Every structure is written in structure tokens, then in C-alpha cells.
Colleague: 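Please read through the structure below; I'll follow up with questions.
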Amino acid sequence: QVQLVESGGGLVQAGGSLRLSCAASGRTFSSRPMGWFRQAPGKEREFVAVLTSSGGSPMYADSVKGRFTISRDSSMNTVYLQMNSLKPEDTAVYYCAADTTYFGGSRWRADYWGQGTQVTVSS
């Protein structure tokens, strides 16, 4: 059974940093696309960042470019999201996703989801 377990969320002041981790178990995702999505209260879940399986450049939402960095440790089947210069509008539940597919525009699908970790940025 595949499980994605996120950690690292919390409360931080604007301008601060957090590092999220997502540990996968049940199968190996080292060559599969993995990424992060988030959902703010009253809003739909949105794409944040993804690492593709082809080894190409990571993809980021425009709202986080230059502030967030996605990376992975294939040996530990873990993906990370380093979040710097956090803003109150980054407040959301952040979800790890694996085996993601991009359909264009804002349309994404993931075969596996984590349970989410809360990130709250105070002003």
C-alpha cells in the first residue's frame, strides 16, 4: 500500500522559511513525477511545484517562483519543498503528490496523495 507522509508544516512569520518533507513508502518513486499542491480555506487545491520523471527542470507555480525550491532524495524516496520569503497568502494545507500528470492550464492529476500538512504564515 502506497503512503505519502508529509511533515515540516507549522506557524511562521512573514519573511520566514519552512521546509516540508514527504516520505513515500510502498513503492519506489525515484523515477516518477512527484510534487506539491496546496489548498487555502475556501479555495480549490492548486499546483505549487513538481519534479518530473525525465530529469528536466522542475516546474513551479508563478506565485512561488524564486521563493520555493523542490528537490528529492531518491535513495530515501523523499521529496522536499524549501519555502523561503513566506507570505501570508502562502497559508494553506500543503499536500504531497506522486505520479502526477499535467494536462495543461491548471489541470493536474495525481495517483497518490498525502494527508496534508498545515502551513500558516502570520503577517
Side-chain angles (χ1 to χ4, degrees):
Q1 181 180 357
V2 173
Q3 280 192 314
L4 304 178
V5 179
E6 302 101 332
S7 60
L11 173 64
V12 64
Q13 288 188 331
S17 299
L18 283 174
R19 188 191 194 208
L20 305 183
S21 300
C22 171
S25 62
R27 60 168 285 187
T28 300
F29 289 99
S30 57
S31 61
R32 303 297 300 166
M34 294 185 71
W36 293 91
F37 292 74
R38 67 187 182 186
Q39 186 167 17
K43 295 187 177 182
E44 293 186 353
R45 189 176 300 186
E46 65 175 6
F47 163 73
V48 175
V50 73
L51 274 172
T52 65
S53 59
S54 63
S57 298
M59 295 175 62
Y60 295 98
D62 288 343
S63 59
V64 307
K65 278 181 182 176
R67 301 187 298 122
F68 291 11
T69 303
I70 187 171
S71 62
R72 83 161 88 202
D73 183 335
S74 298
S75 65
M76 297 186 68
N77 220 18
T78 301
V79 65
Y80 304 96
L81 186 67
Q82 178 67 43
M83 304 185 295
N84 298 328
S85 301
L86 282 161
K87 305 175 181 179
E89 51 263 43
D90 294 318
T91 295
V93 177
Y94 283 71
Y95 296 91
C96 177
D99 277 355
T100 59
T101 303
Y102 181 50
F103 295 100
S106 61
R107 295 174 297 160
W108 288 85
R109 188 194 76 195
D111 290 343
Y112 304 100
W113 292 96
Q115 81 288 352
T117 185
Q118 177 70 47
V119 171
T120 303
V121 184
S122 63
S123 57

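Just so it is clear, the model here is predicted, and its values are computed rather than measured. Just so you know, residue 1 is the first one in the sequence shown, and it goes up from there.
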Colleague: Can you confirm whether Val79 sits close enough to Phe29 that some side-chain heavy atom of one is under 4.5 Å from a side-chain heavy atom of the other?
Modeller: no
Colleague: Does some side-chain heavy atom of Tyr112 sit less than 4.5 Å from a side-chain heavy atom of Arg32?
Modeller: no
Colleague: For residues 65-102, which residue pairs pass the ring-ring contact (aromatic ring centres under 6.0 Å, His included) check, not counting sequence neighbours?
Modeller: Tyr102-Trp108
Colleague: Just how far is it from atom CZ of Arg72 to atom SG of Cys22, taken to the nearest 0.5 Å?
Modeller: 10.5 Å
Colleague: Going from CE on Met34 to SG on Cys96, what distance comes out if it is rounded to the nearest 0.5 angstrom?
Modeller: 4.0 Å
Colleague: Can you tell me how far CD of Gln39 sits from CD of Glu44, rounded to the nearest 0.5 angstrom?
Modeller: 8.0 Å
Colleague: Where do Gln82 and Ser17 land on the side-chain contact (heavy atoms from CB on, under 4.5 Å) test, with the steps shown first?
Modeller: CA-CA 7 Å; Gln82 178 67 43; Ser17 299; 4.0 Å; yes
Colleague: Ignoring hydrogens and angles, write down the donor-acceptor pairs under 3.5 Å from the side chains of residues 116-123, residues two or more places apart or on other chains.
Modeller:
from, atom 1, to, atom 2, distance (Å)
Thr117, OG1, Gly9, N, 3.3
Gln118, NE2, Ala92, O, 3.4
Gln118, NE2, Thr120, OG1, 3.3

Colleague: Between Gly35 and Thr100, what is the shortest heavy-atom contact and its length?
Modeller: N-CG2, 4.5 Å
Colleague: Rounded at 0.5 Å granularity, tell me how far CZ in Arg38 sits from CG in Asp90.
Modeller: 5.0 Å
Colleague: Starting at CZ of Phe37, measure out to CG of Leu81 and round the result to the nearest 0.5 Å.
Modeller: 12.0 Å
Colleague: Test side-chain contact (heavy atoms from CB on, under 4.5 Å) on Glu6 and Trp36 and set out the steps.
Modeller: CA-CA 10 Å; Glu6 302 101 332; Trp36 293 91; 3.8 Å; yes
Colleague: Run the side chain to side chain donor-acceptor pair (under 3.5 Å) test against Asn77 and tell me which residues pass, sequence neighbours left out.
Modeller: none
Colleague: Let me see the working for Met83 and Val64 under side-chain contact (heavy atoms from CB on, under 4.5 Å), right down to the final yes or no.
Modeller: CA-CA 8 Å; Met83 304 185 295; Val64 307; over 6 Å; no
